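What follows is one structure encoded as structure tokens, with my remarks underneath.
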Protein chains: 2
Amino acid sequence: MAVKRTTLMDVARAAGVSRATASLVIRGSDLVADKTREKVEKVIAELDYVPNSGAARLRGQKSRTVGVIIPNLVNSFFSEFVEGIEAELDEQGYQVMLASSRDDPERQSGLLRRLREHDAEGIILFPAEGTEPDTIEKLVAAGVPLVQAMRHVGRDLSDFAGSDHGLAVRLSVRHLRDLGHRRISFVSLAGKVSTREERLGAFEEELRAQGLVNAGVIDVPLEWDGSPQSAAMLMALDPRPTAAICFNDILASGLLRGLFDLGLMPGRDLSVVGHDNLSFIDLGAPPRLTTVQVFPRQIGAASAKLLLRRIKDPGAELKSEIVTPRLRVRDTTGPVD
Amino acid sequence: MAVKRTTLMDVARAAGVSRATASLVIRGSDLVADKTREKVEKVIAELDYVPNSGAARLRGQKSRTVGVIIPNLVNSFFSEFVEGIEAELDEQGYQVMLASSRDDPERQSGLLRRLREHDAEGIILFPAEGTEPDTIEKLVAAGVPLVQAMRHVGRDLSDFAGSDHGLAVRLSVRHLRDLGHRRISFVSLAGKVSTREERLGAFEEELRAQGLVNAGVIDVPLEWDGSPQSAAMLMALDPRPTAAICFNDILASGLLRGLFDLGLMPGRDLSVVGHDNLSFIDLGAPPRLTTVQVFPRQIGAASAKLLLRRIKDPGAELKSEIVTPRLRVRDTTGPVD
DNA sequence: ATGCATTTTTAGATCGATCTAATTAGAACG
DNA sequence: CGTTCTAATTAGATCGATCTAAAAATGCAT
């Protein structure tokens, strides 16, 4: 049971060299003669030696580990984001420690602490709803390399990688304008989300710029079924909108279902634009959702790159990496009659 | 820049006690007098002391970290699985190290090694396609607590948590039989997947048991669009099937799309059953997919529990935790004319 | 006070690697 | 063959916590 761990000492002894030499071989130093290297490597393979990184990091100071905190993993938006991070870090030999805040700032604080205990060299934080700027300031002040991703509570606090939410909304509005729509609604998430203000602001601004009418903003909860009740709510508005822009694809898909249930046809009776371009959109029955693609995988990769840069050079200037969203026109938007 | 780390020594000095006492306070031992505890805790808060887990684990042997390897995070099936693991481990104060094998056994070996270096106390492995039993045998022999999850390359090698694939298929077949279907096809993934054999075996066996006809097995690649070409392939079979059971919801949704493109109506012209019950099924336009729910979150939680049990008691008997799947009848299956 | 049993505290060894600084082996040369 | 320079190796200190075993402080009864 209590199998004693194979240590560097065992390897050294078996290979007839010193601990120091064995250590050099493991770390691929070129200070060691080829013959010696081969000998040691053979022994390592035979003994199935696995270095104890605890000891290594204690002495060497680097854990080659990065902490990642996300609100949850419920939809592919989040998991693609994590995939992007993982792929990029993996390439640089880093390991990801994943934790989910469940959008609770309290929990998030605990996780941050735990990640530091676990000696993460840096942290990528997709901030939970309601995160205090203070939380981030403290970490940065303590010298913890940190990147805010997707959301932020202040871009002057740390590096940041995200999407241009304003542009996403503007693209949607312009697309609808080109199709002749003049009365447009926005289906948003209830609750205080930082990105909500950002998008609503851009929505109203762009409507004004294009001389269009805000036909009303409705708030729905984010449920697994996408809250199809939004359909009836929209149809009850006066003046009635001919198009709706949704906060994300889940809400948009819920709206589609709601429309069907009312016997209405998306793209004809009401044009619908989503946000995220979740991967399920191309699946299943038509019509397919017109939506704005935001490339979470790229944003994940970008935040990983930013973090590695900051770990290497803690004094570097603050940097933001904004991935440009792209409109994907499919079936749920059409010309107004 | 090079902010020197606050160590236990600093805390001890500031509080006027010894390192050992400070250490006891941190670990919440009741060996220490209340007055002393308070004093030390105050200092810890003031100095914002964060223990170096590297040092702790070097001495104490426990890292409170568990490695999780999955093939990828592409669909919600995987991310729900990870969520289940994370939630369960988090509750026990464990941290998840996540890595993606991209279904490549070579990569997987590298990751396993890395997780061991990072001193994971145990590993939950969703084995990559083509994993050799040898890989797992070696780990178990080396005394690494390990749980295979979802797939396995031998249930007698380690603990296992998964779903009853055979039952899933049997439920599907019986449901179709009840609707009057007699010629049923199976849409599978190309390639050698362990679960493929298992499901196909159950498929043929249950057909035999129910006196039904195998109208043909077709293989398609797993693409982001669900490979809609499966529709044409099925319709070209002779005798033509009246129903098809798909390997997963992605393939099933691709098939639905393919049917629509051919002007055919799922549930009327061909009944379709999926597998997984991915969360997007309730979203978007009807018809909604009839499918078998497999509860990945529960399976994740179960594998976490199994792992914690094995960490506590390395000598415990091998155990398998099989979550029972459930058929969710929706719109894509209907009576045969 | 004194002795004895507890309760608290602590010195010092220890975990397994890395780093520094010093040593040894090997090569090249006159 | 001795000298010098470079390449290869190594002894020993070190990282920051935990553990053990023993010492110091405290309480209590006599």
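Owing to the predicted nature of the structure, the values given are computational and were not obtained by experimental measurement. Letters A, B, ... are given to chains in the order of the sequence lines, protein chains preceding strands, and every chain is numbered from 1.
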Interatomic distance, A:E38 CD vs D:dA8 C1' [rounded to whole Å]: 15 Å
Please state whether the phosphate of C:dA17, meaning OP1 or OP2, lies under 4.0 angstrom from any side-chain nitrogen or oxygen of A:Y49. yes
Mark yes or no for whether B:Q148, through its side chain, and B:G154, through its backbone, hold a donor-acceptor pair below 3.5 Å. yes
Nearest whole Å is fine: how far is D:dT26 C1' from B:D34 CG? 15 Å
Can you tell me how far C1' of D:dA17 sits from NE2 of A:H118, to the nearest Å? 15 Å
Under 3.5 Å, N/O pairs linking protein and nucleotides 19-24 of chain D:
residue	atom	partner	partner atom	Å
D:dC19	OP2	B:R27	NH1	2.4
D:dC19	O4'	B:R59	NH1	3.4

Just checking, any donor-acceptor pair under 3.5 angstrom between side chains of B:T65 and B:H118? no
Among C:dT18, D:dG16, C:dT9, the one nearest B:A55 by side-chain distance: D:dG16
Taking all heavy atoms of A:D156 and all of A:L318, pick out the closest pair and write down the distance. O-CD1, 3.2 Å
From D:dG16, D:dA11, C:dG16, pick the nucleotide closest to the side chain of B:T7? D:dG16
Could you check how far CG of A:D30 sits from P of D:dT6, rounded to whole Å? 16 Å
Between D:dT9 atom P and A:K35 atom NZ, what is the distance in whole Å? 9 Å
Under 4.0 Å, heavy atoms only, any strand: does B:S53 hit a base, just the sugar-phosphate, or nothing? nothing
Nucleotide nearest A:A33 when distance is taken to its side chain, options C:dT18, D:dT9, C:dT9: D:dT9
Under 4.0 angstrom between B:T36 side-chain N/O and C:dT9 OP1 or OP2: yes
Nearest whole angstrom, please: distance from the P of C:dA17 to the CZ of B:R57. 14 Å
Using a cut-off of strictly less than 4.0 Å, decide whether A:S18 has a side-chain nitrogen or oxygen near OP1 or OP2 of D:dT9. no
Any side-chain heavy atom of A:S100 sitting closer than 4.5 Å to one from A:I69? no
Compare the minimum distances between each of C:dG16, C:dT9, D:dA17 and the side chain of B:L58, then state the nucleotide with the smallest one. C:dG16
Please answer whether the main-chain N or O of A:A56 pairs with a side-chain N or O of A:S53 as donor and acceptor at a distance below 3.5 Å. no
Should the pair A:D119-A:R64 be classified as a salt bridge under the 4.0 Å nitrogen-to-oxygen rule? no
Nearest-angstrom distance from the residue atom NZ of A:K39 to P of D:dA8: 14 Å
Would you kindly give the CG-to-P distance between B:D119 and C:dA17, to the nearest whole Å? 10 Å
Could you tell me which non-hydrogen atom of A:K319 sits nearest to which non-hydrogen atom of A:D159, and how far apart they are? N-OD1, 2.9 Å
